[in-house]
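Taking it in order: structure first as structure tokens, then the write-up.
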Amino acid sequence: MQAVKRVEIVTDTLQLDRVLELLDKAGVSGYTVIRNAEGKGHRGVRSGDDVTRVFQNSYILTACTEEQLEKVVAAVRPVLKRVGGMCLVSDALWVLH
Amino acid sequence: MQAVKRVEIVTDTLQLDRVLELLDKAGVSGYTVIRNAEGKGHRGVRSGDDVTRVFQNSYILTACTEEQLEKVVAAVRPVLKRVGGMCLVSDALWVLH
Amino acid sequence: MQAVKRVEIVTDTLQLDRVLELLDKAGVSGYTVIRNAEGKGHRGVRSGDDVTRVFQNSYILTACTEEQLEKVVAAVRPVLKRVGGMCLVSDALWVLH
Amino acid sequence: MDLSFALSNFLSPPILFFFLGLLAVLVRSDLEIPQPIPKFLSLYLMLAIGFKGGVELGQSTPGGQVLLTLGAAIVMAAVVPVYCFFILRRRLNVYNAAAIAATYGSVSAVTFVTATAFLDQSGIPYGGYMVAAMALMESPAIVVAVILARLALSKPGPDGTAPTLETGWSHLLRDAFFNSSVFLILGSLLVGVITGDRGQTALHPFTNALFQGMLCFFLLDMGIVAARRLKNLRTSGGFLLGFAILIPLFNALLGIGLSRLLGLGTGDALLLTTLCASASYIAVPAAMRLALPEANPGLSLPLALAVTFPLNITLGLPLYLALIQRFGS
Amino acid sequence: MDLSFALSNFLSPPILFFFLGLLAVLVRSDLEIPQPIPKFLSLYLMLAIGFKGGVELGQSTPGGQVLLTLGAAIVMAAVVPVYCFFILRRRLNVYNAAAIAATYGSVSAVTFVTATAFLDQSGIPYGGYMVAAMALMESPAIVVAVILARLALSKPGPDGTAPTLETGWSHLLRDAFFNSSVFLILGSLLVGVITGDRGQTALHPFTNALFQGMLCFFLLDMGIVAARRLKNLRTSGGFLLGFAILIPLFNALLGIGLSRLLGLGTGDALLLTTLCASASYIAVPAAMRLALPEANPGLSLPLALAVTFPLNITLGLPLYLALIQRFGS
Amino acid sequence: MDLSFALSNFLSPPILFFFLGLLAVLVRSDLEIPQPIPKFLSLYLMLAIGFKGGVELGQSTPGGQVLLTLGAAIVMAAVVPVYCFFILRRRLNVYNAAAIAATYGSVSAVTFVTATAFLDQSGIPYGGYMVAAMALMESPAIVVAVILARLALSKPGPDGTAPTLETGWSHLLRDAFFNSSVFLILGSLLVGVITGDRGQTALHPFTNALFQGMLCFFLLDMGIVAARRLKNLRTSGGFLLGFAILIPLFNALLGIGLSRLLGLGTGDALLLTTLCASASYIAVPAAMRLALPEANPGLSLPLALAVTFPLNITLGLPLYLALIQRFGS
Ligand SMILES: Nc1ncnc2c1ncn2[C@@H]1O[C@H](COP(=O)(O)O)[C@@H](O)[C@H]1O
Ligand SMILES: Nc1ncnc2c1ncn2[C@@H]1O[C@H](COP(=O)(O)O)[C@@H](O)[C@H]1O
Ligand SMILES: Nc1ncnc2c1ncn2[C@@H]1O[C@H](COP(=O)(O)O)[C@@H](O)[C@H]1O
Ligand code: NA
Ligand code: NA
Ligand code: NA
């Protein structure tokens, strides 16, 4: 098992493509996405059962190395600042296979 | 980045509104919800592809401060005791933006 | 609260039943499943909006004891090797109720 | 039982698709109808049956007998859970007894819809007001069962504890009387009454022409869901299995008697009887999960869904019809 | 206003189902139509209205007046956001003013569809090319509003900052002109034009016979969604509420005048007027979220969805028709 | 090729909606039909085509020729993957060769459905038993391909390893013969046979009147999905592209010859030919993912979905029909 950084990002589904592009550019080896997340934060309640898609969140999980982490955070922070969202970093072990 | 407590709660979707109300009262700054979770636990298999909604779980993630954590746990524990579910607490860093 | 290992597995939805069976055999007390996860990894982009189900991931979360962890990892690793996927292990506290 | 009736019911598309769904699970096919498609189909069925009933109701001149029937239906729905509760208490704790009693006191909209399709196929007319009867029979059992549980729990049980019910009455009454199924059926009925012939012309292709096909599709899913729940029955034991078979029959007999007292026509009598015999597997389990979370839905649901529902739509309908035609008005 | 028209609109199934949806939220019923069913219904409505319009268009010989009307419609859609923007700037920041201006400059396909159902019920004919007018009116407001925001932001605001717009023009134009609603409506229109009578025969049961039923189902959901957004209105204040009521009426008057200038028939005039009066709550909020993420969709959406939309489909339609019949061609 | 046939196919609503879906992705519109709507549409198409075939089959008196045709269809489905496998082995590893061979040996239900719509438009009759032929041709290729892979892997490959297949035969056979598509088509066919005219009357508006519309909607989605997979083709290389174009044509020629040998009528011949030419992109990729997870679905799916499927429904259908009419019975 190998130590990795576990990055969780929640942001607007409409911004998903852009965030994933940023992750790719930051060089992460992969990511997992769960659409249709709902939530509450500084911008109030965002729940997904809408005709429009502007109140829908997506949840992104990516496991990356310590070096990539800095790039990921630097890339994602301005987007979160502009459109809202959340980013958490924690430690994990990657099971090699 | 700021140290936070990462609280994950899985419980019946039918109880979701009540749990979110409790989180609000505990003063958390926000939360993220993923509906349509399935699972297995002491009450057996709960999977969502049903005409009725009584076997459907929801997953809740909230990042909060150490002080809020106690309130959150105190508020959520009786609900989990009564209706079932799970609550995990771990450490994370919140990316400020 | 009790220290547990938090195991996250992402793999093909078509393999979900087999993985859950392995978790049961490893003796975990429960698990939570979120279907319809998308992702990217060594096998390229896997996104779920398809007529076929071969590009769909599922996300599995299980909280287990240190002893069970070894069994879980030993059981899951060959599947991930053969069909692809990811497994992360982290630490958490289980809120007793 | 008139065999040709039974056979014609067995060999109708909706029932055959129900069996097809059962079979899919038995041979372990991966056939499934993913949510929210079944939810959509069930909303459609409720909207359509409500609207059709409303149009029909608007065209008739409802007399005193209609009000009497509605009243009798509500009374039935309130009385059934009482004796069910005391029967079930012999083996189950208060929570589970109350939850199952509510299930059998309330009604199943899909069973009702299948009964109307059965009548349509048999060319037997029925009144639009029976749709209102169905909607009115959904809720009382929920309230009665919670009252029974509360009374039973107020005196300390064998384990000395007297847990209180958490959810307030206002919540409970709202869940009971404004639950989506009651609300949509009565609402669509009202739209039907108000718009009458003009509404009927506009919506006929949607609410009438498609009805049988949508019902087939939905029963295909019900077959799959019922078969999946079959394996949960192992834990139920003989007592509950017997309950799930005999109580519907007993309730049906009450329904037949009541229909006779009320002087209902054959079609209306069959619908009232079927309502009495049916058990709720959608609205009530959800309401009970909120009001009595200590009850195990793994007990009540398989009984209602995998035993009583198939029994009613396959053997029950022709049997009840035969009995009504022999002993009825 | 001709009362019988108003009443017949109020008592039509689609409008009644809209009210039923509103009521469901008011009495806190758990009735909901889960996604993606509403999405499916809205795709259906756009495909059907596009196809029907195309067939109709293919059968007529579009003269110069049709081109003139399309041109006038586009101009209206480009002009409305301009004055809306300057009105809104009196109270709102650039981002929110631009987002709401775009919303009211653009159109609502469902309002249009409801207007066609209203005309069908009233037996008033209308031209298939009006469907093209609707599709062409969706996008200009988006582009105009972003240009206005860009101009306003290029001179430093009261806070001294001059933030730049991030998304490039190519993205914006694509989001504006190829968004799913414009694309599906114009595409289906083209299919209708090309396949004509033969296509019509093949698709009639799907696109025409089901139409009213699917519209009812969709408006039931719209009622639920609109009622949920009602509570967001508290934060809007009187200024925005007044805007959401008066601007549609003003735009409708412009539409009536324009129709008269163009010499449109009653049906076409009502559709053009309704388009002018309607506000987009699907395509525009999503496009604005991408182009101007600083704007708060919690402001624009409740206005368009919970105020202007209900106003237009209930009171607006009969009122506009009455005005057109009195002052129109 | 008869140009008017080709044109009338190109200009039919289903094919035009397929192109509209392709175009949506090319111009990068955000048009999409979210799951499970496409799944619902495909279940509907299988239920409807099965039921219609069953009703038709129940009304005819199936003679020996029908059984012969069904047998020949199964043999074709078992033989095609054999030579495909050996062709593909020249460039691909065992796993990928077997997976693609299974894909092209099996059939595509949607291609079949589109062919029936093409025949309906052209006024050419066909037999209900061809639906059974389609269902029976889905599974054999899966089993044959796994056997081929197992044989090839039992002798050590160039890299010296001889990995074993994990999934047992019982799993495999179940996945092959009871997969949802085979099960639903044959099941609905049986319901059609059993309920006959009475069933037909009840379900006609659902299974027949809506058919073309639902097919259009589904092909709109197929166009979107196919276009998205187009970009994956870059990695396929010329060899696989050539395979995906030429093998269907070759299989179609075999199908035409076979039809002639069997003495089939024009309609049945076209359907058999189309089945031979079509490649599975739903059932087989899922079955292969379970039986041979080492195979890369990113290779087989784009070929079947983005090359062979569009080829068959646009150019293939009129071409095969022209050839059958020239050289056929
Ligand atoms: N403290 C939190 N814990 C978990 N999720 C959060 C938290 N704060 C915000 N979020 C998520 O991030 C989304 C956007 O947050 P915001 O930009 O603050 O409105 C919310 O809708 C939530 O889904
Ligand atoms: N050990 C576990 N790991 C992950 N999820 C669990 C675990 N135990 C329970 N859960 C989740 O919590 C739900 C309710 O658990 P229970 O009340 O024990 O039946 C289950 O359906 C699972 O989704
Ligand atoms: N570094 C990563 N972080 C998060 N998820 C990953 C990562 N790598 C792979 N995954 C997930 O695991 C799935 C299968 O990965 P793979 O087998 O490498 O294609 C991907 O589709 C992702 O959902
Ligand atoms: Na009952
Ligand atoms: Na407008
Ligand atoms: Na083939």
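Labels below follow one simple rule: chain letters A, B, ... track the order of the sequence lines, proteins then strands, and each chain is numbered from 1.
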Using side-chain heavy atoms (C-beta onward) and a distance below 4.5 Å, is Asp175(D) in contact with Asp30(E)? no

Looking only at Leu47(D), Leu184(D), Ile37(D), most heavy-atom pairs under 4.5 Å shared with chain E are made by Leu47(D)

Parallel, tilted or perpendicular: which describes the rings of Phe206(D) and Phe217(E), with under 30° parallel and over 60° perpendicular? perpendicular

Does the side chain of Leu31(E) reach to within under 4.5 Å of the side chain of Asn179(D), using non-hydrogen atoms? no

What's the spacing between Thr207(D) OG1 and Gln212(E) CD if we round to 0.5 Å? 11.0 Å

Smallest heavy-atom separation, Cys216(E) atom then Leu203(D) atom, equals SG-CD2, 3.8 Å

Non-hydrogen atoms of chain E under 4.5 Å away: do they reach the side chain of Ser188(D), the backbone, both or neither? both

Checking heavy atoms, do the side chain of Leu190(D), its backbone, both or neither come under 4.5 Å from chain E? neither

Closest heavy-atom contact between Lys39(D) and Glu32(E)? CE-O, 4.0 Å

Give the interface residues of residues 10-18 of chain E toward chain D, defined by a heavy-atom separation under 4.5 Å. Leu11(E), Ser12(E), Pro13(E), Leu16(E), Phe17(E)

Where does Phe177(D) contact chain E at under 4.5 Å (heavy atoms): side chain, backbone, both or neither? neither

Side-chain contact, heavy-atom cut-off 4.5 Å: Leu20(E) with Phe183(D)? yes

Using a heavy-atom cutoff of under 4.5 Å, enumerate the residues of residues 22-29 of chain E that contact chain D, numbered in order, or state 'none'. Leu23(E), Ala24(E), Val27(E), Arg28(E), Ser29(E)

